[in-house]
Amino acid sequence: MAQNNFSTHHGMVDILPEEAAKWQYLESLIRDVARSFHFEEIRTPILEQTELIARGIGALTDIVSKEMFAFSRGEDNYVLRPEGTAPVARAYIQHSLQQRGGTQNLFYIGPMFRAERPQKGRQRQFHQFGAEVLGSADPLADAEIIAFMMEVYKRIGVKNMVLKLNSVGDPESRAAYKTALQDYFRPFLSQLSEISQARFDKNPMRILDSKEPEDQHIKANAPKITDYLNEDCSNHFEKVKSHLDRLGITYILDPFLVRGLDYYTKTAFELTSSDLGGQDALGGGGRYDLLIEELGGKATPAVGFASGMERLLIVCEELGIELAKPKSVDVYIVTRGEVAQAWAMENIRTIRETGLSATMDLSGKSMKAQMKDADRKGARFAIIVGEDELQQGLVNFRVMADSTEESISFTDALAKLNT
RNA sequence: GAGCCUGUAGCUCAGUUGGUUAGAGCGUCAGAUUGUGGCUCUGAAGGUCGUGGGUUCGACCCCCAUCAGGCUCCCCA
């Protein structure tokens, strides 16, 4: 044991081989869904300019005000990206992706960073997969994004999910609503929780999001934003709902659903699971028609979602969904003596070239130990060679499952492997 | 950032009111089987008892701090 025990930083974990196999499965499933929806992958840097995140997500949000991993180097300010949408929007502008024509239907999978206090389902480095449709104001895009998200969970077999849907309106609708909300809450101001009181002036909509017990009965009768939507927002919302109905995607309307990022307009949604515990959001998203303009691009309507990989894994664990079968190797070459080791090192390539997986002992263990290793690795066949066999031009070909073994040429063994 | 709970081998856990060399199962490695896995038997390795202080003749056990994890908030993925 080393004297210095290094470990991962607070809230950051290693993904060990058994876990990594599950990740590979989930990632490939997500890629399959992306392929069938014909969304193209985009990979953006993990470090972005701090100002991009602050401007995109909103300086007053929790993420920007207290959860960023940021540092400076010379003149430049770096931040580990806390979410994926602002970077994708930045890339869209930087590379003039609208020039590719049509809407840009993009997806991503990757690590995100937020300096929150870790707990189950919440880490400082976590992973999201998400998708964006950039360049469409049509409710079709909202429906497509939600359908994409739901398809991932459907293919995995996740149950007990609730899709919450709301519209947070546009600036005009929101201004009217904000006034109505403040008028409603003002008489109760002293009874509200401290947090909610602080939100009263700047962002009264967030009061609706409160889980503080003293706020619940007060907010229960608060005006609903859906009653304050202007005609454009209202029509949009109705069309999103009817598209979802047509797709057979069930949802519940949650007039108090307010998301924590400033850039949302119109559609907002969140997918929650009762199998998650305290951190119950599997994913969420919405429309952000003003973000790209805010970041300096041409006004471009867009909609997207983001989902947590770790939370998806927790849900699968809770539901007993098997994500990864035990990995096994096709062929294990067991050797005795240096001549045989050298022969194996050279000829294992031939097996691999046929498309089968093959491995051998790399540490000079006894044959018994090699056999045990072959068993542990789930080898279907063992090819056992020593100097005697090599002199006769033969190998021992063993079928592990039934322990049958025959002495044949390596060429014949190769033929048998592929039957 | 706040409150509560937990922290003993790689893993899951024992450890008697504080009392000598801290245990088990699983796993790992080796032997029984001088060239052959899964079962069985035998043996070995593996622990600064999360870390650092303090109390005490003596601390895995009591106290404080700290780190890490869990739960509830906050908030989100």
Side-chain angles (χ1 to χ4, degrees), chain A residues 1-5 7-13 16 18 57 61-67 81-85 109-130 149 193-196 198-199 206 209-215 257-261 270-273 276-285 305-315 332-337 340 361 363 365-389 395-405 407:
Chain A
M1 189 76 68
Q3 293 210 328
N4 265 334
N5 281 328
S7 65
T8 52
H9 276 297
H10 192 41
M12 300 188 181
V13 302
L16 301 177
E18 290 76 11
I57 299 176
T61 58
D62 286 354
I63 291 176
V64 171
S65 62
K66 59 188 185 189
E67 298 171 0
R81 63 183 185 193
E83 57 100 48
T85 298
I109 305 176
M112 306 294 166
F113 303 82
R114 294 181 198 172
E116 292 187 275
R117 178 157 175 176
Q119 65 183 68
K120 189 176 186 184
R122 189 166 72 192
Q123 292 161 202
R124 290 183 158 195
Q125 175 175 342
F126 61 104
H127 299 77
Q128 287 185 332
F129 63 95
M149 180 175 82
S193 65
E194 209 173 312
I195 301 157
S196 294
R199 288 169 173 167
R206 294 295 300 281
D209 216 16
S210 167
K211 289 176 188 166
E212 298 293 325
E214 63 263 46
D215 295 345
L257 174 65
V258 179
R259 312 211 75 244
L261 289 67
E270 191 166 283
L271 186 67
T272 61
S273 165
L276 276 175
Q279 309 305 320
D280 68 351
L282 271 173
F305 82 90
S307 277
M309 295 284 289
E310 284 83 358
R311 292 186 185 177
L312 177 51
L313 283 160
I314 291 170
V315 164
Y332 193 108
I333 304 187
V334 175
T335 60
R336 175 178 163 78
D361 170 55
S363 64
K365 286 178 189 291
S366 69
M367 289 188 69
K368 182 190 174 77
Q370 292 180 57
M371 287 301 295
K372 201 172 174 180
D373 197 33
D375 185 52
R376 177 171 36 216
K377 288 181 162 68
R380 287 159 57 214
F381 305 104
I383 288 177
I384 304 162
V385 292
E387 288 185 37
D388 299 348
E389 287 84 354
V395 300
N396 290 320
F397 182 80
R398 184 182 182 88
V399 180
M400 295 297 280
D402 57 15
S403 300
T404 57
E405 193 168 313
S407 193

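Sequence lines set the chain letters: A, B, ... in the order given, protein chains first and strands last, and positions in each chain run from 1.
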Margin query: Counting primed atoms plus P, OP1 and OP2 as sugar-phosphate and everything else as base, spell out the protein contacts along nucleotides 1-8 of chain B at 4.0 Å heavy-atom distance: B, S or - for each nucleotide, 5' to 3'.
Written below: BBBB----
Check: With the sugar-phosphate defined as primed atoms, P, OP1 and OP2, and the base as all remaining atoms, what B/S/- string results for nucleotides 27-37 of chain B, 5' to 3', for protein heavy atoms under 4.0 Å?
Finding: -SSS-BB-BBB
With sugar-phosphate meaning primed atoms plus P, OP1 and OP2, does [X] contact a base, only sugar-phosphate, or nothing at under 4.0 Å between heavy atoms?
{"X": "A:His10", "value": "sugar-phosphate"}
{"X": "A:Glu270", "value": "nothing"}
{"X": "A:Leu282", "value": "sugar-phosphate"}
{"X": "A:Gly11", "value": "sugar-phosphate"}
{"X": "A:Gly337", "value": "nothing"}
{"X": "A:Arg124", "value": "nothing"}

For atom [atom1] of [X] and atom [atom2] of [N], their distance in whole Å:
{"X": "A:Gln125", "N": "B:rA68", "atom1": "CD", "atom2": "P", "value": "16 Å"}
{"X": "A:Met309", "N": "B:rA77", "atom1": "CE", "atom2": "C1'", "value": "11 Å"}
{"X": "A:Glu310", "N": "B:rG69", "atom1": "CD", "atom2": "P", "value": "14 Å"}
{"X": "A:Arg114", "N": "B:rC74", "atom1": "CZ", "atom2": "P", "value": "17 Å"}
{"X": "A:Gln279", "N": "B:rC71", "atom1": "CD", "atom2": "P", "value": "8 Å"}
{"X": "A:Gln123", "N": "B:rG70", "atom1": "CD", "atom2": "C1'", "value": "13 Å"}

So, the side chain of [X] versus the backbone of [Y]: is there a donor-acceptor pair under 3.5 Å, distance only?
{"X": "A:Arg311", "Y": "A:Ala281", "answer": "yes"}
{"X": "A:Arg124", "Y": "A:Met12", "answer": "no"}
{"X": "A:Arg122", "Y": "A:Arg117", "answer": "yes"}
{"X": "A:Arg336", "Y": "A:Asp388", "answer": "no"}
{"X": "A:Arg114", "Y": "A:Glu67", "answer": "no"}

Measuring only the [atom1] atom in each nucleotide, how far is [N] from [M]? A whole number of Å is fine.
{"N": "B:rC57", "M": "B:rC73", "atom1": "P", "answer": "47 Å"}
{"N": "B:rC13", "M": "B:rU21", "atom1": "C1'", "answer": "22 Å"}
{"N": "B:rU16", "M": "B:rC11", "atom1": "P", "answer": "22 Å"}
{"N": "B:rG37", "M": "B:rA32", "atom1": "P", "answer": "12 Å"}
{"N": "B:rC4", "M": "B:rG43", "atom1": "P", "answer": "49 Å"}
{"N": "B:rU51", "M": "B:rA59", "atom1": "P", "answer": "15 Å"}
{"N": "B:rA24", "M": "B:rA65", "atom1": "C1'", "answer": "33 Å"}
{"N": "B:rU36", "M": "B:rG50", "atom1": "P", "answer": "44 Å"}

Next item on the list: Between A:Ala306 and A:His9, just flag the one whose closest nucleotide in RNA chain B comes earlier from the 5' side.
Entry: A:His9
Pair partner, [N] [Watson-Crick or wobble, under 3.5 Å]:
{"N": "B:rA68", "result": "B:rU6"}
{"N": "B:rG27", "result": "none"}
{"N": "B:rG18", "result": "none"}
{"N": "B:rG1", "result": "B:rC73"}

Note to self: Side chains of A:Arg81 and A:Gln128, heavy atoms from C-beta outward: is any pair under 4.5 Å?
What the structure shows: no
Next item on the list: Would you mind telling me which of A:Val395, A:Thr335, A:Val334 makes a side-chain contact (heavy atoms from CB on, under 4.5 Å) with A:Ile384?
Entry: A:Val334
Next item on the list: First locate atom NZ of A:Lys372, then atom CE of A:Met367, and finally report the distance between them rounded to the nearest 0.5 Å.
Entry: 16.0 Å
Next item on the list: Determine, step by step, whether A:Val13 and A:Gln123 satisfy the side-chain contact (heavy atoms from CB on, under 4.5 Å) criterion, reporting the C-alpha distance in whole Å, the side-chain angles of both residues, the deciding distance to 0.1 Å, and the verdict.
Entry: CA-CA 8 Å; A:Val13 302; A:Gln123 292 161 202; 3.7 Å; yes
Item checked: Ionic contact status for A:Asp373 with A:Arg376, cut-off 4.0 Å -> yes
Note to self: Determine whether the aromatic ring centres of residues A:Tyr332 and A:Phe381 are separated by less than 6.0 angstrom.
What the structure shows: no
